[in-house]
There are 2 protein chains.
Amino acid sequence: METARDDTRGRPAAERVQRPQARTTERREAVLKAAMNVFGARGYNKGALVEVAEQAGMTHAGVLHHFGSKEGLLVAMLKYRDGEEVAGVPARAQTEGPAFLQHLVDTVEENTHRRGVVQAYSVLSGESVTDGHPAHDYFQGRFHGLRAKIAGVLAEVSGSTDEQELADAASALIAMMDGLQVQWLLEPDAIDMPRILGRTIDELVERLRKG
Amino acid sequence: METARDDTRGRPAAERVQRPQARTTERREAVLKAAMNVFGARGYNKGALVEVAEQAGMTHAGVLHHFGSKEGLLVAMLKYRDGEEVAGVPARAQTEGPAFLQHLVDTVEENTHRRGVVQAYSVLSGESVTDGHPAHDYFQGRFHGLRAKIAGVLAEVSGSTDEQELADAASALIAMMDGLQVQWLLEPDAIDMPRILGRTIDELVERLRKG
DNA sequence: TCCAACTTACTTACAAGTCAGTAAGTGTGC
DNA sequence: GCACACTTACTGACTTGTAAGTAAGTTGGA
């Protein structure tokens, strides 16, 4: 028992919280939400820990106590965001078939009321292609997984077995959703994201059925 | 004649170069190319003037002499990039009808051999949605213009007169191109940009013809 | 044609600020 | 009583931007 506790010696609290106190989880959540705001509004590079800390009601050293480093905070935030989505609506990975495609449109519709979330996603995915960016692996994995998932659903819905065409269609669909977000952020009135996405999905499925 | 020269008094060299010396243009170009590299690799916020200057063979103060501020450099770089494109291939604004759609596919094909350019575009367009980003206006204008241009060409090619559908199709096409670039940068072997774009355009035109 | 007056294109040095991260200490809940 | 959840205080690395100086280039006029 003593030995089990021993291996926390010298470790930063961020690495693994062994015996968190009662309100620790909600304090960490406050920080993660603040990070969404700040990194969303300013990007990861320009977003300062001091501002994150301020919004969470502590000092920047307090934030580092929880997450070890700025990079650690970003990674935790990205994971938290995924978990939150899953909690909010039926988990993505569990939705199947046509329902999943509808789920995509619903999510996009919801996003038009959550500008901050969209902005954070757009800024960070753009930044993630820079050299050694801490979110690089996250977005690489995300795209990879999402592509496989969508290709699978499209196969199921359309009956197509053309692997390459399915993969291309999945990539194109994801690309369109992401690209529309940037245009929408810059000129909200000019872009109706759910309408465009919905129509594109319909056409896509119809085309795959025929081919 | 004296009065015409007089109004340069006290102005920073960056604001307007009145009587540039022989090699000034090529020195400025060297800086702009360096800026493409640095801002492309690290983003605008993390990209430092010192590194840009180093690559152009001068000090960071020399860069500021030419462009006044870091922001000024970015804006100049974006304009320079547009001009370069126009010089390289038949100017976008002058290409008409179906040729323009082929031109889009050609450009995307070329881009697969110019990773740096694509990376700079992706990073900066992502960053541009943050609060008060100096490239905000540039990208807003770019999307606005490109949307109008593509919608016009699609109308011409397909014979459709449904303004909303044409605008939506244009937005979707641009979104797809931009989104594919990010995915391609993260996983080049998984994404064949020209193939996906070419196929999408074909389907799009066919659909607009019918509708 | 040559020269003085001026501008351009930089450099070096510095100012002023911001930032992430660390070390050491404090109080509080378990 | 001790680990946890912080704070305060500080460091050092980087930032952009400015000021002042210098060498080279340009131009108008004698």
Side-chain angles (χ1 to χ4, degrees), chain A residues 1-31 34-35 38-39 42-54 56-75 132 134, chain B residues 1-31 34-35 38-39 42-54 56-75 132 134:
Chain A
M1 287 177 170
E2 282 298 302
T3 51
R5 225 188 291 142
D6 269 353
D7 77 343
T8 69
R9 268 186 313 190
R11 284 203 196 167
E15 197 170 322
R16 194 176 293 190
V17 179
Q18 294 281 9
R19 293 197 304 266
Q21 292 183 1
R23 316 194 45 151
T24 295
T25 310
E26 61 185 90
R27 304 300 347 264
R28 282 174 62 99
E29 265 190 38
V31 175
V38 174
F39 293 154
R42 314 211 188 289
Y44 172 73
N45 285 314
K46 210 187 177 188
L49 286 180
V50 197
E51 199 179 344
V52 174
E54 223 162 61
M58 64 179 77
T59 64
H60 90 278
V63 171
L64 288 171
H65 163 73
H66 284 295
F67 299 98
S69 67
K70 192 186 181 185
E71 197 171 317
L73 171 62
L74 177 66
V75 173
Chain B
M1 285 170 171
E2 282 298 303
T3 51
R5 224 188 289 142
D6 268 352
D7 78 341
T8 68
R9 270 183 312 190
R11 286 205 193 164
E15 197 171 317
R16 193 176 295 188
V17 180
Q18 294 279 13
R19 292 194 307 263
Q21 292 183 0
R23 314 197 46 157
T24 296
T25 311
E26 63 185 88
R27 302 303 340 267
R28 280 174 63 100
E29 265 190 39
V31 175
V38 174
F39 292 155
R42 314 212 187 288
Y44 172 74
N45 285 315
K46 208 187 177 188
L49 286 181
V50 196
E51 199 179 346
V52 174
E54 223 162 60
M58 65 178 76
T59 63
H60 90 278
V63 171
L64 289 170
H65 163 74
H66 283 295
F67 299 98
S69 67
K70 191 187 181 186
E71 198 171 317
L73 172 62
L74 177 65
V75 172

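A note on names: the letters A, B, ... follow the listed sequences, proteins ahead of strands, and every chain is numbered from 1. Predicted, not measured: the structure shown is a model, and the values here were computed from it.
Rounded to whole angstrom, the span from the CG atom of B/Leu74 across to the C1' atom of D/dG17 amounts to 17 Å. Across the protein-nucleic acid pair, B/Leu64 atom CG and C/dC14 atom C1' stand 14 Å apart, rounded to whole Å. In this structure, A/Glu54 places its CD atom 13 Å from P of C/dA20, rounding to the nearest Å. When rounded to the nearest whole Å, the span between NZ of A/Lys46 and C1' of C/dG17 equals 13 Å. As a whole-Å value, the separation of A/Glu51 CD from C/dC19 P is 9 Å. One atom, OH of A/Tyr44, and another, C1' of C/dC19, lie 12 Å apart when rounded to the nearest Å. Atoms NZ (A/Lys70) and P (D/dC14) sit 15 Å apart, rounded to a whole Å. Distance, B/Glu26 CD to C/dT8 P: 18 Å, rounded to whole Å.
Legend: residues meeting side-chain contact (heavy atoms from CB on, under 4.5 Å) with B/Glu54, ordered by chain and number and at least two apart, are absent. Annotation: side-chain contact (heavy atoms from CB on, under 4.5 Å) contacts of A/Arg42 (sequence neighbours excluded): A/Lys46, A/Glu51, B/Asp131.
In terms of heavy atoms, A/Phe39 sits closest to A/Gly47 at CE2-O, 3.9 Å. Across every non-hydrogen atom of A/Arg28 and A/His66, the tightest pair is NH1-O, 3.3 Å. When all heavy atoms of B/Val75 and B/Pro134 are compared, the closest pair comes out as CG2-O, 4.2 Å. Between B/Tyr44 and B/Lys70 the shortest heavy-atom distance is O-NZ, 2.7 Å.
B/Gly47 comes within contact range of the sugar-phosphate backbone alone, with a heavy-atom separation under 4.0 Å but no base atom that close.
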Detail all sub-3.5 Å separations between protein N/O atoms and N/O atoms belonging to nucleotides 10-13 of chain C.
unit_1 : atom_1 : unit_2  : atom_2 : d
C/dC10 : OP1    : B/Arg27 : NH1    : 3.2
C/dC10 : OP2    : B/His66 : NE2    : 2.7
C/dT11 : OP1    : B/Thr59 : N      : 3.4
C/dT11 : OP2    : B/Thr59 : N      : 2.9
C/dT11 : OP2    : B/Thr59 : OG1    : 2.5

